[in-house]
Amino acid sequence: MDTQDTEFDFLQSGPASTSGRSDAEQLKSALQNEKAAPEILQYETDLIARIEQNLDYQDEQIELLKENDDMKLLVEIYLSELSRVRYLLRAYLRVRLQKIERHVMHILDNADVAARLSAKEAQFARDYFVLFGGHMRAAAASHLPDAFSSLVRQASAHPGKDMVPAPDLDRHAFCRVLEDRGSVTVDEEGNVAEFNRGDLFVIRYRAIQQLLAEGAVELL
Amino acid sequence: MGSDYYSVSSLLAEETYVPVRLVHGCTGVGCVIDPSSDRPDLPAGARLDLPLWMVPLMAGRNMLQADLPVFYGNKMRRKMKAGAGCEDLRVRCPHYYTVATQLHAAMQASVTADEDFPAFILNTFRKRYKELLTKAPQVESSLEASQIQTKLSAEESQLFTAAAEASAAYHRWRSSGDSRPLVRVCSVKRKWAESGGEGDENAVANAAG
Amino acid sequence: MAYCRQGQWPCTPEEMHFNAKDELITIVPNFSLPTENATATCIGGEFGPFQPNREVAVPLWLAHTLWKRKKCTIKAPDWMNAEHLDAVLGLERQDASAFQPLPFHYIEMAHFLFTSGTDGNLPQEVFGDELARVKDLVELVQKARMNKILAGLTTLQSAMTVKLNHLAAMEINAVRPFFLGSLDMFWKFQQMEEGAIGGTQGHGGSLGSGQRQQQQQQAPARQLRAGR
Amino acid sequence: MFGKQAYELLQEVASVPADNLPPFNEEAFRSVIDEVHMQHERLTTVYNESRERHRQRQEEEGGDPEEAAAGWQGTEAEATELMVYHSAILRNKRLLFTYVKERAERIQELRWTHRTLPEHVKANLSPLEQQYFRQYDRLLNKYCRSGGQGVGLDLTADPTPPDDPYVQVRVLRDYADVVFSSGKVSLRRGKSHWLPSDEVHPLVMDGVLELVGGTGGS
């Protein structure tokens with residue numbers, strides 16, 4: 001993944017027909033993946049940074065051009081695209097917040113899952129846990145006998161944290177193959193499927209969890 | 001268990017009563033758990049109905065043995081074999097499938113599992129699944145939908161509602177042009193699944209689980 | 001829109017429509033952009049060049065923006081001619097188990113081209129005398145494919161990995177909640193059945209090749225078929 | 001039967017559509033808390049009494065009292081009684097927690113869809129829940145605002161996909177030069193313009209502008 005060395009040098013992300021997928025296309029794919037996956041995915045740090053940088057740059061271009069009547073159409077084109085990309089960015093950040101809220105204790109309990117969050121999301125998760133946990137404690141837990149007042153264990157004597165909502169990785173999902181992978185094991189019985197670029201599957205998420213992380217498949 | 005601790009549909013399902021036999025009897029709470037008893041102690045072998053939420057912990061410790069309620073029994077299986085689509089599951093057990101999976105686990109724990117039970121549940125869903133599939137897209141009115149849904153379990157109703165809503169959303173989109181109203185009005189009122197509380201995602205997952 | 005409860009159904013038709021507007025379509029501009037290369041450098045790529053009477057492929061949203069301002073004409077996509085659609089329809093009807101390759105957002109693109117324009121003039125402009133025929137054929141293709149999907153769904157008897165190559169976006173969306181919800185339920189009941197036999201459930205861990213896999217005969221993913 | 005009232009408490013919120021909240025049932029909630037404490041007291045009493053009886057039996061038989069220190073020594077029937085209380089406490093806890101969490105989630109949802117609490121809902125919240133809404137509001141604002149911990153985007157905006165941000169308008173009467181986000185426009189009668197759709201509303205209401213055929217629909 002290419003990192004931005006110089007400011008405004010975003011011409012590298014050209015149209016799909018010439019040099020891979022543009023940043024806007026990657027953002028749309030990241031949003032679709034996030035919407036369709038039962039668990040929270042790795043935050044697209046570099047991509048979001050580039051998108052935000054490019055949004056700012058386009059805003060600047062619009063400010064420069066809007067006084068020029070000859071550039072009126074170009075400004076309208078820029079503004080139209082900006083509204084689309086901003087929608088994708090808002091939707092991406094929003095669906096991730098929803099997942100953080102839904103599985104906050106699971107996320108904070110698992111370092112590898114917590115590492116998928118951006119710095120701001122991690123702060124939000126900690127703040128939300130304090131807020132939500134405080135509310136549960138004040139409204140319910142503090143009224144129960146000590147042995148049953150835990151927010152994570154049904155009873156303090158229970159070994160496991162049997163109250164923590166976690167994503168169900170055995171849910172099915174639609175996915176498309178982006179990179180040839182040959183024979184892929186798709187279930188515990190050892191059944192396999194040929195994963196060729198462009199193939200479209202309905203499959204249990206657990207079977208393609210790792211492939212998704214590697215960018216070999218995308219969710220639909 | 002943790003993944004559906006807060007699941008409203010699971011909590012509703014676990015209020016279903018199932019027949020059990022107490023292995024060692026019980027002291028003190030006989031009147032509480034058995035309304036027909038007027039004595040605090042119940043003898044070993046006592047038979048009564050308990051809510052499903054009480055069963056797994058006690059089955060796991062061999063304190064009781066759970067049996068299948070009548071709506072999973074041989075008579076019901078014969079009726080299902082004859083015509084699964086016609087049966088009214090809601091009147092018998094609204095959370096038919098959720099209760100089945102949890103009860104089966106409890107019966108496995110107390111070694112009273114019925115080997116044919118999972119196949120019966122799977123085949124029941126297979127047969128009724130086709131009915132749901134063919135009916136959902138054809139629903140023309142909420143009244144018609146309600147009539148179909150009166151016979152469905154909560155889990156089936158969730159699927160039916162989801163399919164009908166997806167179909168309706170698609171047809172709404174098809175009938176609209178490419179234009180949009182100038183000012184979008186965010187609708188306050190939203191249609192909601194009948195199973196209540198939990199979102200569609202969780203409800204479907206928990207219905208299946 | 002339900003923010004926190006969207007859950008398993010990630011896309012509304014409106015969102016699919018929004019996504020479809022990134023599909024490329026050929027236009028013929030009647031203007032020139034006063035930029036260095038007559039191009040528009042956007043986040044989504046460099047579009048253009050825009051010069052009079054010079055065909056150029058642009059995203060549908062941009063084509064629409066320009067067309068509304070009377071800055072271009074829009075050409076029908078290659079797949080949207082009567083002859084090609086007739087052939088596609090024939091193949092869809094012949095093959096019960098597979099879908100013909102069409103653009104992922106073919107339904108939304110057709111919808112856009114058939115319904116846009118303040119006085120219904122875009123469809124006429126794009127398709128001319130072929131309009132009615134093309135509309136009919138697209139509708140027939142959609143119906144043939146949806147019937148094929150539903151016929152395949154009726155054969156669903158268990159949770160399994162299903163290959164559905166060339167299924168389109170709106171088709172996925174239409175069947176998603178029912179299809180995925182049903183597969184999830186089948187899977188749960190099959191886990192229940194496996195438990196009765198004494199097998200181990202697939203909770204936790206990866207799907208790596210274990211000893212159990214070596215003992216099982218490996219079977220390919222099943223193709224969703226009709227009439228089995 | 002144990003857990004019945006807590007079950008009915010949860011049903012109160014579960015049976016209402018998700019965009020609404022029934023009043024917080026303080027009385028029923030308190031009653032369930034009392035039930036839990038009664039169950040816990042009984043559980044503790046039965047456990048201790050059973051241990052005491054066992055210890056006495058040990059003394060009568062001349063055994064070593066120290067052996068009675070650890071573990072359960074009661075009868076299986078007494079163990080079953082303890083498990084009835086234990087599972088009932090767990091059930092009540094789960095129903096109470098889910099009641100509070102379900103309501104909290106709906107309160108969060110209201111922040112996303114309404115920004116402020118509707119009056120009819122506000123009246124149904126407990127003081128703790130009203131506080132929860134205010135705190136969640138602050139937390140979400142902190143995440144959305146510019147700079148520091150924020151992403152600089154109001155995530156509650158644009159819940160549905162945007163259309164063309166421009167609409168075509170016709171000027172109905174001479175007005176003035178107006179500065180829109182897209183630039184300055186001289187509004188002269190009879191002229192048509194493409195203008196940002198979220199900025200023309202006041203001028204449409206004032207009768208200065210009229211929409212030209214929507215945004216492209218037939």
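Reminder, nothing fancy here: chain letters follow the sequence lines and each chain counts from 1.
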### Query
Hey, are the side chains of D/Glu129 and A/His135 touching, using non-hydrogen atoms and a 4.5 Å cut-off?
yes
### Task
State, to 0.1 Å, how close A/Arg94 and D/Leu155 come at their nearest heavy-atom pair, and which atoms those are.
NH1-O, 2.6 Å
### Message
Any non-hydrogen side-chain atom of D/Leu96 less than 4.5 Å from a side-chain atom of A/Leu144?
### Response
yes
### Query
Using a cut-off of under 4.5 Å for heavy-atom pairs, which of A/Leu151, A/Leu89, A/Val75, A/Asp127 has the most such pairs with chain D?
A/Asp127
### Message
Less than 4.5 Å to any heavy atom of chain D: does that hold for the side chain of A/Glu52, its backbone, both, or neither?
### Response
side chain
### Query
Got A/Lys66 and D/Lys184 here, is their nearest side-chain heavy-atom distance under 4.5 Å?
no
### Task
May I ask you to check whether D/Gln108 and A/Tyr128 show a side-chain donor-acceptor distance below 3.5 Å?
yes
### Query
Which atoms of A/Glu67 come close to chain D, meaning under 4.5 Å heavy atom to heavy atom: side chain ones, backbone ones, both, or neither?
neither
#### Entry: A/Glu39: salt bridge (charged side-chain N to carboxylate O under 4.0 Å, His left out) partners, not counting sequence neighbours
A/Arg116
### Message
Check the orientation of A/Phe132 and D/Tyr132. Use parallel for under 30°, tilted for 30 to 60°, and perpendicular for over 60°.
### Response
perpendicular
### Message
The criterion is salt bridge (charged side-chain N to carboxylate O under 4.0 Å, His left out); which residues satisfy it with D/Arg170, sequence neighbours excluded?
### Response
D/Glu210
### Partner chain D: residue of A/Arg90, A/Met136, A/Arg84 with the largest heavy-atom pair count (under 4.5 Å)
A/Arg90
### Query
For atom CG of A/Asp146, is the number of surrounding heavy atoms from other residues, nucleotides or ligands below 6.0 Å larger than 12?
no
### Query
Quick check: does any side chain N or O of A/Lys120 sit under 3.5 Å from a backbone N or O of D/Gln149, one acting as donor and the other as acceptor?
no
### Message
So, taking the atom named OH in A/Tyr78 and the one named OG in D/Ser182, what distance separates them when rounded to the nearest 0.5 Å?
### Response
15.5 Å
### Task
Look at A/Ala141, A/Ala119, A/Gly134 and state which one has the largest set of heavy-atom pairs under 4.5 Å with chain D.
A/Ala141
### Heavy-atom check, side chain of D/Thr160 versus side chain of A/Tyr87, under 4.5 Å
no
### Task
Side chain from CB out, backbone as N, CA, C, O: work out which of these in D/Phe29 comes under 4.5 Å of a heavy atom of chain A, or both, or neither.
side chain
### Side chain / backbone / both / neither for A/Leu82 at chain D, heavy atoms under 4.5 Å
neither
### Option in D/Gln131, D/Lys142, D/Glu41 with maximal non-hydrogen atom pairs under 4.5 Å from chain A
D/Lys142
#### Entry: Straight-line distance of A/Met163 CE to D/Arg94 CZ, nearest 0.5 Å
9.5 Å
### Query
Is the number of heavy atoms from other residues, nucleotides or ligands under 6.0 Å of D/Phe180 CZ greater than 12?
yes
### Summary
Turns out that what part of D/Leu128 lies under 4.5 Å from chain A's heavy atoms comes down to both
### Query
Tell me, side chain or backbone of D/Tyr143 under 4.5 Å from chain A's heavy atoms, or both, or neither?
side chain
### Message
Tell me if the centroids of the rings in D/His86 and A/Phe148 come within less than 6.0 Å of each other.
### Response
yes
### Task
Counting only heavy atoms closer than 4.5 Å, note whether A/Arg153 contacts chain D via side chain, backbone, both or neither.
backbone
### Query
Taking D/Leu140, D/Val36, D/Leu153 one by one, which has the highest count of heavy-atom pairs under 4.5 Å against chain A?
D/Leu153
### Query
Between D/Pro196, D/Ser181, D/Ala104, which has the largest tally of heavy atom pairs under 4.5 Å with chain A?
D/Ser181
#### Entry: For the student: nearest non-hydrogen atoms of D/Pro162 and A/Ser83, plus distance
CG-O, 3.6 Å
### Minimum side-chain heavy-atom gap D/Glu105-A/Glu101 below 4.5 Å
no
### Message
Checking D/Leu195 against A/Glu76 for the side-chain contact (heavy atoms from CB on, under 4.5 Å) test, could you report, in this order, the C-alpha distance in whole Å, the side-chain angles of both residues, the deciding distance, and whether it holds?
### Response
CA-CA 9 Å; D/Leu195 298 173; A/Glu76 289 172 10; over 6 Å; no
### Query
Would you say the side chain of A/Pro145 lies within less than 4.5 Å of the side chain of D/His37, judging by non-hydrogen atoms?
yes
